[in-house]
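One structure is given below, encoded as structure tokens.
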Amino acid sequence: SAASDVYKRQEVYIAKAGSPKLNDKNWTVFINPKTRWICIGNPQCQERAVEFIDNCIGVIDGNQELVALWLHPCFI
């Protein structure tokens, strides 16, 4: 059917586009009380960063692995 063809094409596109991999290392949480930023992972890594949602930044290394996730929560 046409719907299943579209679904299959989307799967192929997603597979080719790729996504960052998660490594199996322990993820440490760092909190900066002055700036109120939270880092899950390696706060020293600054290779490739992208803000994908307001106040949410993902950092990937040269191996396309997600190495840090920065969050700046807004408490209401």
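- Minimum interatomic distance between Pro73 and Arg36 (heavy atoms only, all atoms of both residues): CD-O, 3.8 Å.
- In this structure, Leu69 and Val59 have side chains that are not in contact, with every pair of non-hydrogen atoms separated by 4.5 Å or more.
- Side-chain atoms of Asn32 come within 3.5 Å of backbone atoms of Lys34 as a donor-acceptor pair (strictly under, hydrogens ignored).
- Separating the CG atom in Leu71 from the CD1 atom in Ile53 is a distance of 9.5 Å, to the nearest 0.5 Å.
- With contacts defined as side-chain heavy-atom distances shorter than 4.5 Å, the pair Trp37/Ile57 qualifies.
- With rounding to the nearest 0.5 Å, the separation of CH2 in Trp70 from CG in Asn55 is 13.0 Å.
- Side-chain atoms of His72 come within 3.5 Å of backbone atoms of Thr35 as a donor-acceptor pair (strictly under, hydrogens ignored).
- For the atom pair Ile60 CD1 and Gln64 CD, the distance stands at 4.0 Å (nearest 0.5 Å).
- With a 4.5 Å cut-off on side-chain heavy atoms, Phe30 and Asn42 do not count as touching.
- Trp27 and Gly41 get closest at one heavy-atom pair: CE3-CA, 3.6 Å.
- Criterion: ILVMFWY side-chain heavy atoms under 4.5 Å apart, direct or through other members. Under it, Val50 and Ile40 are not part of a common hydrophobic cluster.
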